[in-house]
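All residue numbers refer to positions in the sequence shown, counting from 1.
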Amino acid sequence: MSTFPHFLVIPFPIQGHVNPLMQLSQVLTKHGCKVTFLHTEFNHNRSKTDDSASGLDKINVVTLQDGLEDEDDRSDLKKFMLSIKSTMPSRLPKLIEDVNALDVNKNNKINCIIVTFHMSWALEVGHKLGIKGALFHSGSATCLAYVVSIPKLIENGIIDSEGNPTKEIEISPYIPMMSTTNIPWHGLDKIFYDHMLKEIETINYGEWWLCNTTNDLEQGVSFISQKFLPIGPLIESSNKSSFWQEDTTCLHWLDKQEPQSVIYVSFGSLVVMDQNQFNELALALDLLDKPFLWVVRPSNDNKVNYTYPNDFHGNKGKIVGWAPQRKILNHSSIACFISHCGWNSTIEGVHAGVPFLCWPFLADQFLNKSYICDVWKIGLELEKDDKGFILRQEIKNKVDQVDDDDIKKMCLKIKKMIIDNIEEGGHSSHNLQKFISWANN
């Protein structure tokens with residue numbers, strides 16, 4: 001009889017969900033678990049990972065079609081999500097059957113399914129097949145806490161049936177208050193909102209809600225539900241599965257820069273910036289008396305096709321299409337991180353002990369900004385003018401202000417705190433062992 005569980009892990013097929021779930025998969029294999037990772041065929045074909053070099057060769061990769069054609073626009077998340085939900089659920093039982101058929105000893109069949117948000121239909125499929133389930137939330141635990149609180153917020157009259165709040169929302173005295181314009185579901189199309197309500201129901205098929213966080217980072221979240229299980233930060237040394245080719249020349253360029261001198265700028269895999277704001281950012285980087293490393297995503301994804309302003313020189317910096325972010329943030333030359341505050345970037349920056357300049361765009365990014373600036377005090381917010389733009393002088397001023405001894409001390413304090421959690425005997429390490437033991441019983 002096998003002494004380790006066999007996990008089938010299923011991310012929503014975007015970079016921000018695939019990466020952390022791949023990191024969790026790597027951690028599980030290091031603990032002796034068997035992992036089968038479900039990619040869509042489209043994502044598997046575009047993935048830029050050398051499995052043997054990255055240690056991913058221990059993970060069995062399988063695929064299902066997402067229901068779209070190769071030429072379809074997968075940045076249309078509504079279309080993408082609906083296609084997945086109408087295509088993949090009926091095909092999952094056969095895939096599980098096929099994977100289990102390869103288990104010649106009959107003692108290591110799939111016995112637990114882990115999904116990210118938007119894929120909880122798979123927990124329901126697994127439940128009908130007698131397979132345990134867990135949610136892995138790729139965002140902050142606090143964001144999930146707000147989302148699962150929606151029914152209670154409606155019941156208490158704090159938001160209406162369409163999710164519109166009438167006042168600031170506080171779900172716990174230990175959790176930052178959420179303004180009416182910054183709730184994760186603000187401005188969502190009704191189809192998305194209805195989908196979120198359905199997710200709140202189906203994620204309960206998962207006995208655990210695993211979170212890439214620590215109790216120390218997000219105090220009070222465990223009071224919302226006993227299902228929350230912090231197991232982070234998940235920071236693996238090997239490469240992750242990337243949809244774009246990483247430009248590693250930036251690491252050699254960083255080697256030539258002075259310690260704590262480089263401004264790193266990256267807005268993740270989904271953010272699309274207005275062309276005028278892009279111009280202002282470019283000219284701000286010219287205005288800085290510091291070198292910069294700027295990630296500008298390839299133009300063939302999300303329909304991004306920026307043009308640089310005529311008076312932009314960029315001679316103090318380096319621009320790349322995609323980059324090995326974890327290695328960059330841990331490089332000694334990095335001074336601060338201008339970030340959209342997506343949770344993956346937030347966790348990587350916190351783990352590296354780097355000060356933030358926060359530029360949130362959507363969903364949970366505003367909440368993450370509140371933690372960075374107001375709770376952990378390891379960064380500053382870039383503030384918009386009355387027309388909604390972040391001006392070059394604002395960027396320059398905040399770059400100067402974030403070079404602050406108190407902020408740097410807090411960065412190192414928080415860094416040590418979260419590293420202690422994942423080391424043997426730490427709280428997150430204990431929770432992970434608890435989860436693996438549960439899956440195996």
Candidate list V35, N440, N108, L28, test side-chain contact (heavy atoms from CB on, under 4.5 Å), partner P5, passing option: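 Exactly one pass, corresponding to N440.
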Step-by-step side-chain contact (heavy atoms from CB on, under 4.5 Å) determination, F80 to H118: CA-CA 11 Å; F80 192 26; H118 305 307; over 6 Å; no
Any heavy-atom pair between the side chains of [Y] and [X] that's under 4.5 Å?
| X | Y | value |
| --- | --- | --- |
| I334 | L254 | yes |
| L92 | L38 | yes |
| W253 | P291 | yes |
| I235 | I422 | no |
| L217 | M417 | yes |
| I338 | F267 | yes |
| M178 | P184 | yes |
| F356 | V350 | yes |

After noting the C-alpha distance and the side-chain angles of I113 and I96, does the key distance pass the side-chain contact (heavy atoms from CB on, under 4.5 Å) rule? CA-CA 10 Å; I113 296 174; I96 292 171; 4.1 Å; yes
Do the charged groups of [X] and [Y] touch, with an N to O distance under 4.0 Å?
| X | Y | answer |
| --- | --- | --- |
| D403 | K408 | yes |
| E207 | K132 | no |
| K396 | D400 | yes |

Is the side chain of [X] donor-acceptor paired with the backbone N or O of [Y] at a distance under 3.5 Å, no angle test?
| X | Y | value |
| --- | --- | --- |
| H44 | H39 | no |
| K78 | F192 | no |
| N100 | I110 | yes |
| W209 | I203 | yes |
| S225 | F228 | no |
| K369 | C341 | no |
| E201 | K198 | no |
| D66 | L68 | yes |
| E218 | A141 | yes |
| T36 | L8 | no |

ring-ring contact (aromatic ring centres under 6.0 Å, His included) with H17: which of W343, F136, F12?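 Only one option passes, and that is F12.
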Once you measure the plane-to-plane angle for W294 and F292, does it fall in the parallel (<30°), tilted (30-60°) or perpendicular (>60°) bin?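 Plane angle over 60°, so perpendicular.
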Whether H137 and F117 hold their rings parallel, tilted or perpendicular, with breakpoints at 30° and 60°: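 Ring orientation of H137 relative to F117: perpendicular.
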What's the spacing between [X] [atom1] and [Y] [atom2] if we round to 0.5 Å?
| X | Y | atom1 | atom2 | value |
| --- | --- | --- | --- | --- |
| K109 | L102 | NZ | CG | 9.5 Å |
| H31 | S429 | NE2 | OG | 6.0 Å |
| T142 | I171 | OG1 | CD1 | 7.0 Å |
| N215 | L229 | CG | CG | 9.0 Å |
| H351 | K416 | NE2 | NZ | 13.0 Å |
| L144 | I224 | CG | CD1 | 10.0 Å |

In this structure, is the centre-to-centre distance between the rings of F7 and F435 below 6.0 Å?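 Ring-ring flag for F435/F7: true, centres closer than 6.0 Å.
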Are there more than 12 heavy atoms of other residues, nucleotides or ligands under 6.0 Å from atom [atom1] of [X]?
| X | atom1 | result |
| --- | --- | --- |
| D98 | CG | yes |
| E258 | CD | no |
| H195 | NE2 | yes |
| Y193 | OH | yes |
| N441 | CG | yes |

Of all the heavy-atom pairs spanning [X] and [Y], show the shortest one and how long it is.
| X | Y | result |
| --- | --- | --- |
| G379 | I407 | N-CG2, 4.2 Å |
| K377 | M410 | O-CB, 3.6 Å |
| K58 | T29 | O-CG2, 4.2 Å |
| E170 | Y146 | CA-OH, 4.3 Å |
| D364 | G139 | OD2-CA, 4.0 Å |
| P233 | N212 | CA-OD1, 3.3 Å |

Is there a side-chain contact (heavy atoms from CB on, under 4.5 Å) between L293 and V265 once you walk through the steps? CA-CA 6 Å; L293 175 58; V265 187; over 6 Å; no
Just by distance, no angles: are the side chains of [X] and [Y] close enough, under 3.5 Å, to form a donor-acceptor pair?
| X | Y | result |
| --- | --- | --- |
| S345 | Q325 | yes |
| N421 | D216 | yes |
| T202 | E124 | no |
| E199 | S120 | yes |

Might you work through the side-chain hydrogen bond (donor to acceptor under 3.5 Å, both in side chains) test for H331 and D255, ending with a clear yes or no? CA-CA 8 Å; H331 198 284; D255 290 341; 2.7 Å; yes
Residue pair L24, V9: steps toward the side-chain contact (heavy atoms from CB on, under 4.5 Å) verdict: CA-CA 9 Å; L24 175 58; V9 299; 5.8 Å; no
Working for side-chain hydrogen bond (donor to acceptor under 3.5 Å, both in side chains), residues S140 and Y371: CA-CA 10 Å; S140 69; Y371 270 107; over 6 Å; no
